[in-house]
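Model, not experiment: these values are computed from the prediction.
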Amino acid sequence: MRRLKIKEILTTGQPGDKILVKGWVRTKRESKNVNFIALNDGSVIHNLQVVADTSVYDAKLLHDINSGAALSVTGVLAESQGSGQRLEMIAEDIMILGKADPDRYPIQPKKHSLEFLRENAHLRFRTNTFGAVFRIRHAMAFAIHKYFNEKGFYYLHTPIITASDAEGAGQMFRVTTLHAQNPPLTEDGKPDFTRDFFGKPTNLTVSGQLEGELGAMALGEIYTFGPTFRAENSNTTRHLAEFWMIEPEMAFYDLKDNMDLAEEFLKYLIDYALINCSDDLQFLAERLKQEEKNKPMNQRSMDLLEKLSFVSQSDFVRITYTEAIEILKNSKPYKKNAFQFPVDWGIDLQSEHERYLVEKHFQRPVILTDYPKEIKAFYMKQNDDGKTVRAMDVLFPQIGEIIGGSQREEELEKLEKRMKEMNIPIEEMWWYMDTRRFGSAVHSGFGLGFERLILFVTGMGNIRDVIAFPRTPKYAEF
RNA sequence: UCCCUAGUAGCUCAGUUGGUUAGAGCGGCGGACUGUUAAUCCGUAGGUCGUAGGUUCAAGUCCUACCUGGGGAGCCA
């Protein structure tokens, strides 16, 4: 008999159908004559209720059906007498594929804290919450490829190991095969990287952008979607040492085209989730609502589904950095001295400032553009004012910066001048400079933190809960 | 890295101004029950109080250091 997935059974199954299912026991409810087994196979958030007549089955067999056990069950579908579900399965044959010792199995049929589940990340997929999160994460990854494919972008695989340390996006993880205690030394006593695997110092990538630009300047529109690494000692709910990033790079796009793409892209992804992940989103929305019951009224956030619909339907506000500083200087918290950090043209905006703009002043996503060149990277297109660059940051409620991007500097002389000012080793970057030497053109791109997107879409509060096996300072378990 | 906060049963927590034998709920186990919805009812086992020092007649409780978790900040995606 062909095995049916529970998703299929619950949507198209009919009473009388004889079927085979396999899955894991969530809960078992016992009474004298009949046992109810809630079986889940991961295909949907819903369980299949398996009904086992106690007179038909060996007591030992029923005894071993605990939370976590894997079962194979054949039986007949029937309209459920209970009110919790349309269909249920009257079991005819139950086989225990793998037992789960109830004394040792950590995922009990009760509410667990996210912290506890994080320590049991290998088993947390078996909970409703993490099942939902990781199904949504998959759907978002798929939607990203779908979106770009439909728009004619090519998926370019930029390298994970890189010798370039010019990006300046953060501390990098060194990649080496040299002996940690006794590396070969140069004459002045330093590790001799000419004898390392690649013959020079190498690192895990912090961004695929520079290589992405090379692809865009031939293929037209490309995107990368892969793991990225930062060796920063940051301990927050929004940072990981290993995370996934989506970086499109487009020839002939100026900053406005770039913003249009970013906005359309984010809305597409949110809509995709609303349409294709409604069961999981509904569960997460309900979960969030329960959690927020303990919070005071003014700290509660919008319902998850409302929030997603709202963002997908509202126009993102687009203002320049200079305008944002003006708004902040005229704001109540500024006048009341309620900001912890100063507001002045030239400073980098702090979380509290971004929060104010997005959550209080505009109450919708905001795209800030044209930042002072001093606080942005060397490759950004310099404006004629000599002070600002064509950067754009997309700010979302609660999570802050979800996208950072810019129009790139395509003029060789300007780029070289800026690199010299910022002490970027131009000679090592000869391949990057070549794009400006040969057939240079206006182009743009941005980076979207995948986990931050998932945070927003799922409403989860900690980035460690939207990646299967988080890597953070002092933590690389599993 | 900085600030705040917590660590007591498998989980979530309570534990009074330091004082006898450390508690509850959930979960587990045993039993009861005519179909349950993280069932209900009765019973039961389960603890080196994060680690190492210190103060004290006496420390889960006070002090110091360290470890780990959580929240916030910085850096950023």
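- Contact annotation: A:S113 does not reach the phosphate of B:rC11 (side-chain N/O to OP1 or OP2, under 4.0 Å).
- Under the Watson-Crick and G-U wobble criteria, each requiring two contacts below 3.5 Å, nucleotide B:rG7 is paired to B:rC67.
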Intermediate values then yes/no, side-chain hydrogen bond (donor to acceptor under 3.5 Å, both in side chains), A:Q282 and A:R287: CA-CA 9 Å; A:Q282 245 158 45; A:R287 183 188 163 278; over 6 Å; no
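- Between A:K32 and B:rU34, a side-chain N or O to OP1/OP2 separation shorter than 4.0 Å is present.
- If you check B:rA39, B:rA77, B:rA73 against the side chain of A:N235, the one that comes closest is B:rA73.
- Among the nucleotides B:rA39, B:rC75, B:rG70, the one closest to the side chain of A:S234 is B:rC75.
- With a cut-off of 3.5 Å on both pairing distances, the Watson-Crick or G-U wobble partner of B:rC62 is B:rG54.
- Note: A:F265 and A:F148 have tilted aromatic rings, judged against thresholds of 30 and 60 degrees for the angle between ring planes.
- One finds a side-chain N or O of A:N233 lying less than 4.0 angstrom from the OP1 or OP2 phosphate oxygen of B:rU1.
- Using atom C1' as the reference point in both B:rC42 and B:rC33, the two lie 11 Å apart (nearest Å).
- In a base pair of the Watson-Crick type (N1 to N3 plus N6-O4 or O6-N4) or a G-U wobble (N1-O2 and O6-N3), with each distance short of 3.5 Å, B:rG30 is matched with B:rC42.
- One C1' atom belongs to B:rG7, the other to B:rG15, and the distance between them is 15 Å to the nearest Å.
- Take the nearest nucleotide of RNA chain B for A:F36 and for A:P106: the residue whose nucleotide is more 5' is A:P106.
- As the counterpart of B:rU1, B:rA73 is assigned, both hydrogen-bonding distances of the Watson-Crick or G-U wobble pattern falling under 3.5 Å.
- At a cut-off of 3.5 angstrom, counting only N and O atoms as typed in the model, there is a donor on one side and an acceptor on the other between the side-chain of A:E88 and the base of B:rG35.
- In this model, a donor atom of one side chain and an acceptor atom of the other lie less than 3.5 Å apart for A:E213 and A:H443.
- Taking the P atoms as reference points, B:rA9 lies 12 Å from B:rA14, given to the whole Å.
- Counting any heavy atom pair closer than 4.0 Å across all strands shown, A:K111 reaches a base atom.
- Checking A:K474 against A:H239, the closest nucleotide of RNA chain B that is more toward the 5' end is the one next to A:K474.
- Between the C1' atoms of B:rA65 and B:rA24, the separation comes to 34 Å (whole Å).
- Taking atom C1' in both B:rG10 and B:rG27, the straight-line distance is 7 Å, to the nearest Å.
- If you take atom P in B:rG25 and the same atom in B:rC41, they sit 11 Å apart, rounded to whole Å.
- For B:rG23, the paired base is B:rC13 (Watson-Crick or G-U wobble, both distances below 3.5 Å).
- Aromatic ring pairs are classed by plane angle as parallel below 30°, tilted from 30° to 60° and perpendicular above 60°; the pair A:F125 and A:F469 is perpendicular.
- Under 4.0 angstrom from either OP1 or OP2 of B:rA73 there lies at least one side-chain N or O belonging to A:R238.
- Residue ring and base: A:F450 does not count as stacked with B:rA77 (centre distance below 5.5 Å and interplanar angle below 30° not both satisfied).
- Nearest heavy atoms, A:K22 versus A:S72: CE-OG, 3.7 Å.
- Summarising the local packing, NZ of A:K267 is surrounded by more than 12 heavy atoms from other residues, nucleotides or ligands at distances under 6.0 Å.
- Of the candidates B:rA77, B:rU37, B:rA39, B:rU37 carries the atom nearest the A:Q49 side chain, counting heavy atoms from C-beta on.
- Remark: A:R29 is in phosphate contact with B:rA39, judged by side-chain N or O atoms under 4.0 Å from OP1 or OP2.
- Note on A:S31: a side-chain N or O is less than 4.0 Å away from OP1 or OP2 of B:rG35.
- Here A:T237 reaches the OP1 or OP2 of B:rG72: one of its side-chain N or O atoms lies under 4.0 Å away.
- Looking at A:H112, its side chain has no donor and acceptor atom pair within 3.5 Å of the base of B:rC11.
- One finds a side-chain N or O of A:R118 lying less than 4.0 angstrom from the OP1 or OP2 phosphate oxygen of B:rG70.
- Nearest to the side-chain atoms of A:S80 among the listed nucleotides B:rG70, B:rG35, B:rG30 stands B:rG35.
- Side-chain proximity of A:F116 to the nucleotides B:rU12, B:rG69, B:rU34 is greatest for B:rU12.
- Comparing the C1' positions of B:rG60 and B:rU20 gives an interatomic distance of 15 Å, to the nearest angstrom.
- Look at A:Q350 and you'll find a side-chain N or O under 4.0 angstrom from OP1 or OP2 of B:rG74.
- The distance from atom CD of A:Q398 to atom P of B:rG71 is 14 Å, rounded to the nearest whole Å.
- Look at the P atom in both B:rA32 and B:rU68: the space between them is 49 Å, to the nearest Å.
- Side chain A:E115 to base B:rG69: no donor-acceptor pair is found below 3.5 Å.
- Relative ring orientation between A:F339 and A:Y334 is described as tilted, the plane-to-plane angle lying within the 30° to 60° band.
- Side chain of A:R464, nearest nucleotide from B:rG70, B:rG74, B:rG28: B:rG70.
- For A:M95, the CE atom is loosely surrounded, since the number of other residues' heavy atoms within 6.0 Å does not exceed 12.
- Side-chain atoms of A:Q81 come within donor-acceptor range of the base of B:rG35, with a qualifying N/O pair under 3.5 Å.
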